[in-house]
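Structure first, commentary second.
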Amino acid sequence: MNPIELEQKYVVHAYNRPPIVLVDGQGVWLEDAEGNRYLDLVAGIAVSALGYGDPEIAETICQAGKKPLHFSNLYHNEPMAQLAAKLVDLTPFADRVHFQNSGTESTEAAIKFARKFARTHFGEGKTDIVAFTGAFHGRTMGALAMTPREKYQKPYEPLMPGVRFARFNDLESARETVDDHVCAIIVEPVQGEGGIHPAGVDFLVGLRELAWKHDALLIFDEVQCGVGRTGTFWAHEQMGVLPDILCAAKPLANGLPIGAVLVTERVAEVIHPGDHGTTFAGGPFVTSVAQVVVDRISAPAFLQHVQETGAYFKSRLEGLNHPHIQEVRGKGLMLGVQLDMPAAPVVEAGYRHGLLLLNAGADVLRLVPPLIITQEEVDIAIERLEATLADVG
Ligand SMILES: Cc1ncc(COP(=O)(O)O)c(C=O)c1O
């Protein structure tokens, strides 16, 4: 049986996949089993920031792979401690880090920390969480409760109680929703799954003030928009608002599973041994690789490349002037193309034109390529996108 037949027979059908089997990749290009090459504008959903076959990542993996892959959180380990120090150095508001294995685990940890913080300082009854329309915080039960999409939530009810929703980018709605029973407000500085919607600066400033007023913690979910994606190491750096907790994951180890929650000392102080933990997180293998990613992406020249290439990509998309394109939005290399038609047929046609594309919601094309993409590769992407759109148009 070929891999697709094997999968159809043995794997739970929880994903709809196109009939291609990816086998290799180099830079921003992926190759399937039949030798077709695709320009990748997906990066494994904003994960493979340094692209494929990066020599430094490969060498780090070889070296770390010769040492124990796992020690457990029972013991100290050097690469984890070094990665934590690097992340804190890069994050003015943060004093400490707690590691996870994924984005959803990071948001779970964040809300656990917020509840513990509220219970420690304010006693019982301050357990509610405010999230926003269009948000995506993950699929585990706590994160799912904060991800207001019926299709994701309905089959798994009852959900974790205590989550309220306000309208994204609507401060009045947030004001009506937050009160003294709220322990945390969680928001993506740039919504990803919800359709690439940057939060307004006034909105985030207002949330910061609301959180202070009601003794709630402000959590930024930068799982998708963080780690260089928008042209600064964290997206919120461009918005001048600091959270109490930040969640990161996707690109942090360029494709190996990792999550991180960065917190202030005040938050860290309420977490004691045994309060939260996991078997794998912070292991020496993955944190060795993550150190390379963090060093490379935080370099000013790298971030400048993301800003410049992102601005170039955005202007080329705006120049497409296609009748089905209503708006181009986003920051850095996190771009959304609002269509007046479903995005799914465009994604599908992309395969025929050697282009990996992704939707965000029903009618937005989400472009989140490896951050190493060059202007020449953007030109190729635009050419292929034009052909793709002509195909479905
Ligand atoms: C903003 C945000 N938070 C959380 C998650 C969940 O991350 P993971 O899929 O690694 O659990 C995602 C995934 O897309 C995300 O975009």
Side-chain angles (χ1 to χ4, degrees), residues 91-94 98 103-104 106-123 125-138 140 142-149 153 159-194 197-226 234-249 261-264 266-268 270-271:
T91 315
F93 86 87
H98 189 279
T104 197
S106 302
T107 58
E108 292 281 343
I111 56 173
K112 285 181 78 175
F113 292 178
R115 283 194 169 168
K116 181 86 199 288
F117 182 87
R119 187 161 271 118
T120 304
H121 289 290
F122 308 105
K126 191 174 175 61
T127 53
D128 282 8
I129 292 148
V130 171
F132 293 93
T133 52
F136 187 95
H137 298 297
T140 50
L144 181 66
M146 307 187 293
T147 297
R149 199 148 345 145
Q153 291 185 333
L159 302 171
M160 177 187 78
V163 182
R164 313 172 182 184
F165 292 98
R167 278 190 300 280
F168 184 69
N169 267 341
D170 181 342
L171 197 48
E172 215 32 64
S173 167
R175 286 198 185 109
E176 283 162 13
T177 312
V178 181
D179 62 24
D180 288 344
H181 297 289
V182 169
C183 69
I185 303 171
I186 183 165
V187 65
E188 293 157 79
V190 182
Q191 280 194 342
E193 303 293 313
H197 293 284
V201 172
D202 291 351
F203 178 62
L204 290 186
V205 170
L207 293 187
R208 179 66 277 178
E209 286 169 358
L210 266 181
W212 278 328
K213 181 174 166 198
H214 294 283
D215 290 317
L217 297 178
L218 182 61
I219 303 170
F220 283 169
D221 180 347
E222 294 221 15
V223 165
Q224 189 157 159
C225 63
W234 300 120
H236 75 266
E237 288 170 43
Q238 295 172 49
M239 296 156 179
V241 181
L242 302 182
D244 304 290
I245 300 181
L246 180 143
C247 303
V261 175
L262 284 85
V263 298
T264 61
R266 265 183 89 222
V267 174
V270 305
I271 304 301

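What you see below is based on every heavy atom in this structure, not just the backbone, and it leaves out hydrogens, waters and symmetry mates.
- Listed by chain and number, the residues in a ring-ring contact (aromatic ring centres under 6.0 Å, His included) with F93 amount to none (sequence neighbours excluded).
- Partners of K126 by side-chain hydrogen bond (donor to acceptor under 3.5 Å, both in side chains), not counting sequence neighbours: none found.
- For S173, the side chain to side chain contact (heavy atoms under 4.5 Å, CB included) criterion is met by A166, R167, D170, T177, not counting sequence neighbours.
- Contacts of E237 classified as side chain to side chain contact (heavy atoms under 4.5 Å, CB included), with partners at least two apart in sequence or in another chain: T232, F233, W234.
- When the side-chain hydrogen bond (donor to acceptor under 3.5 Å, both in side chains) test is applied to T140, the partners found at least two apart in sequence or on another chain are T104, E108.
- Each of R119, R115, K116 was scored for a side chain to side chain contact (heavy atoms under 4.5 Å, CB included) with C183, with one residue passing: R115.
- Remark: R175 engages E172 in a salt bridge (Lys or Arg N to Asp or Glu O under 4.0 Å) (not counting sequence neighbours).
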With side-chain contact (heavy atoms from CB on, under 4.5 Å) as the test, would you mind laying out the steps for V241 and F220 before giving the verdict? CA-CA 10 Å; V241 181; F220 283 169; 4.0 Å; yes
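- Smallest separation of non-hydrogen atoms from A114 and A184: CB-CB, 3.6 Å.
- Listed by chain and number, the residues in a ring-ring contact (aromatic ring centres under 6.0 Å, His included) with H121 are F117 (sequence neighbours excluded).
- Put simply, CH2 on W212 and CG on L207 are 11.5 Å apart, with the number rounded to the nearest 0.5 Å.
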Evaluation steps, side-chain contact (heavy atoms from CB on, under 4.5 Å), between H98 and V267: CA-CA 11 Å; H98 189 279; V267 174; over 6 Å; no
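- Partners of R164 under the side-chain hydrogen bond (donor to acceptor under 3.5 Å, both in side chains) rule, at least two apart in sequence or in another chain, are D128, D179.
- With rounding to the nearest 0.5 angstrom, the CD1 atom of I219 is 7.5 Å from the CD1 atom of I111.
- G200 and N169 make their closest contact through N-OD1, 2.8 Å (heavy atoms, listed as atom of the first residue, atom of the second, distance).
- Here the shortest heavy-atom pairing between Q153 and P148 reads NE2-CA, 3.8 Å.
- Atom-to-atom distance recorded for L217:CG and I185:CD1 is 9.5 Å, nearest 0.5 angstrom.
- Taking every heavy atom of both residues into account, A268 and V263 meet most closely at CB-CG2, 3.9 Å.
- Among pairs with a residue in residues 184-193, those fulfilling side chain to side chain donor-acceptor pair (under 3.5 Å) read E193-Q224, E193-R366, at least two apart in sequence or across chains.
- Put simply, the side chain of V201 does not reach to within 4.5 Å of the side chain of L204, judged on heavy atoms.
- Remark: H214 engages D180 in a side-chain hydrogen bond (donor to acceptor under 3.5 Å, both in side chains) (not counting sequence neighbours).
- Among V261, I245, I186, the one residue that satisfies the side chain to side chain contact (heavy atoms under 4.5 Å, CB included) test with T107 is I186.
- By the 30° and 60° cut-offs, the orientation of the rings of F132 relative to F168 is perpendicular.
- Counting only residues at least two apart or on different chains, the salt bridge (charged side-chain N to carboxylate O under 4.0 Å, His left out) pairs with a member in residues 199-225 are R208-D244.
- A distance of 6.0 Å separates CG of L210 from CG of L171, quoted to the nearest 0.5 Å.
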